Amino acid sequence: LAGDEAVLMASRTAVPVCAGANRLLSIQQLMDTTDCNVIVSDDGMQHYKLPRDIQIAVIDASRMLGNGYCLPAGPLREPKQRLDNCDFVVLNGEVSTNTKKTWFSMGFEGEVLVNLKTGEEKALKHFAGNEVNAVTGIGNPQRFYNTLTQALLSIQEHSFPDHHAFTQTDFHFGNELPIIMTEKDAVKCSGFAEINIWYLPISAKLPNGFDTQVLEKLTGLTKNG
């Protein structure tokens, strides 16, 4: 009933997740049915009817603002001036220099593969030197492919459109090589998982200063009612 990202967030965080076209109704449902006092809205900046206390923008560190134009002329969902109203800006990827106190560099960690059928775990380095099928249905597959090649895996790339609805036949590659996919894609494939399908859970890594500043802002909101 929900997309892959909502299912993944619910399984990884173990907190209530509500998905719906009307953000205000989703928030009201969370308020009515849970005891949460902080709500995080994914991709919420463009929803102007949505009240907000803290805004966090995420930018691809490799592409940054592109040509500076909004869709369809450029890559931006909002004019670049919106960054001036954000409490924090997170750069998705490593950056060489960053002097702005509210801008933070975010990396990812993922070193253990999980078998989609059995739940068995194996270190990613266990597959080093082996050839595998790398399968993605995400917006920027190259980052995932780079993770595997940097771990010394030899990969055959199989890129599907973002949010692709996988079927069992999508994995008929004419070979018996192990299949490695992202966790976001894997949540849609558990119903027909074969023993040779693995996924790589990743976790965001942010500097300690980010946690501290966000918590300080939340504490300030509480004190101010």
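FYI, side chains are in, hydrogens and waters are out, and symmetry mates aren't considered; it's all heavy atoms of this structure. Everything quoted here is computed from the prediction, not taken from an experiment.
Within the model, atoms CG of Leu113 and CD1 of Ile197 stand 13.0 Å from one another, a figure rounded to the nearest 0.5 Å. The distance from atom CG of Asn92 to atom CE of Met64, rounded to the nearest 0.5 Å, is 11.5 Å. With values rounded to the nearest 0.5 angstrom, Asp211 atom CG is found 11.0 Å from Glu216 atom CD. The distance from atom CD of Glu111 to atom CG of Leu124, rounded to the nearest 0.5 Å, is 8.0 Å. Atoms SG and CE, from Cys36 and Met31 in turn, are 6.0 Å apart once rounded to the nearest 0.5 Å. The structure places CG of Asp185 at 9.5 Å from CZ of Phe160, a figure rounded to the nearest 0.5 Å.
Side chain of Arg52 to backbone of His47: a donor-acceptor contact under 3.5 angstrom is found. Between the side chain of Ser11 and the main chain of Leu8, a donor-acceptor pair closer than 3.5 Å is present. Checking side-chain atoms of Thr136 against main-chain N and O of Ile138 turns up no donor-acceptor pair under 3.5 Å.
Counting all heavy atoms, side chain and backbone alike, Leu30 lies closest to Pro16 at CD2-CB, 3.9 Å. Taking every heavy atom of both residues into account, Cys70 and Pro79 meet most closely at SG-N, 3.4 Å. The minimum heavy-atom distance linking Ala57 with Leu83 is given by the pair CB-CD2, 3.7 Å. Contact record, Pro207 with Ser105: CD-O, 3.4 Å, taken as the closest heavy-atom pair. Taking both residues in full, the closest heavy atoms of Cys18 and Gln29 are given as SG-OE1, 3.8 Å, listed atom of the first, atom of the second, then distance. Residues Ala61 and Leu91 come closest through the heavy atom pair CB-CB, 4.2 Å.
Val58 and Met45 sit in two unconnected hydrophobic clusters of ILVMFWY residues. Membership requires side-chain heavy atoms under 4.5 Å apart, directly or through other members. Val38 and Phe210 fall within a single hydrophobic cluster, where Ile, Leu, Val, Met, Phe, Trp and Tyr side chains are chained together by heavy-atom contacts under 4.5 Å. There is a path of hydrophobic side-chain contacts, each under 4.5 Å, that joins Ile39 to Leu50. Hydrophobic clustering, with ILVMFWY side chains joined whenever heavy atoms are under 4.5 angstrom apart, groups Phe127 together with Leu148. Both Phe192 and Phe173 are part of a single hydrophobic cluster, where members link through side-chain heavy atoms under 4.5 Å apart.
Around atom CG of Asn208, no more than 12 heavy atoms belonging to other residues, nucleotides or ligands sit under 6.0 Å away. In the displayed structure, Gln55 atom CD is contacted under 6.0 Å by more than 12 heavy atoms of other residues, nucleotides or ligands.
Inter-residue side-chain proximity for Ile202 and Phe144 is flagged as unmet; no heavy-atom pair is nearer than 4.5 Å. Considering only heavy atoms from C-beta on, Pro51 comes within 4.5 Å of Leu24 through its side chain. Here the side chains of Leu71 and Leu76 are not in contact, with every heavy-atom distance at 4.5 Å or above. Contact check for Ile155 versus Tyr145: side-chain heavy atoms found under the 4.5 Å cut-off. Side-chain contact between Arg82 and Arg77: absent, with no pair of heavy atoms (C-beta onward) separated by less than 4.5 Å. Taking 4.5 Å as the limit, every side-chain heavy atom of Asn133 sits out of range of all side-chain heavy atoms of Ile180. The closest side-chain heavy-atom distance from Gln46 to Glu78 is below 4.5 Å. With contacts defined as side-chain heavy-atom distances shorter than 4.5 Å, the pair Val132/Gln156 does not qualify.
Note on residues 130-153: pairs passing salt bridge (charged side-chain N to carboxylate O under 4.0 Å, His left out), not counting sequence neighbours, are Asp60-Arg143.
In this view, His163 and Asp4, Glu5, Lys184 satisfy the side chain to side chain contact (heavy atoms under 4.5 Å, CB included) rule, not counting sequence neighbours. The salt bridge (Lys or Arg N to Asp or Glu O under 4.0 Å) search around Lys205 returns Glu109, not counting sequence neighbours. For the side chain to side chain contact (heavy atoms under 4.5 Å, CB included) test, residues two or more places apart in sequence or in another chain that qualify with Pro201 are Arg12, Val114, Glu183, Tyr199. Applying the side chain to side chain contact (heavy atoms under 4.5 Å, CB included) test to Ile54 and every residue at least two apart in sequence or in another chain returns Ile56, Asp87, Phe88, Lys217, Leu218, Leu221. Under the side chain to side chain contact (heavy atoms under 4.5 Å, CB included) criterion, Ala204 pairs with Met106, Phe108, sequence neighbours left out.
If you look at Phe171 and Phe166, their ring centroids are closer than 6.0 Å.
A donor atom on one side chain and an acceptor atom on the other are found under 3.5 Å apart for His164 and Asp170.
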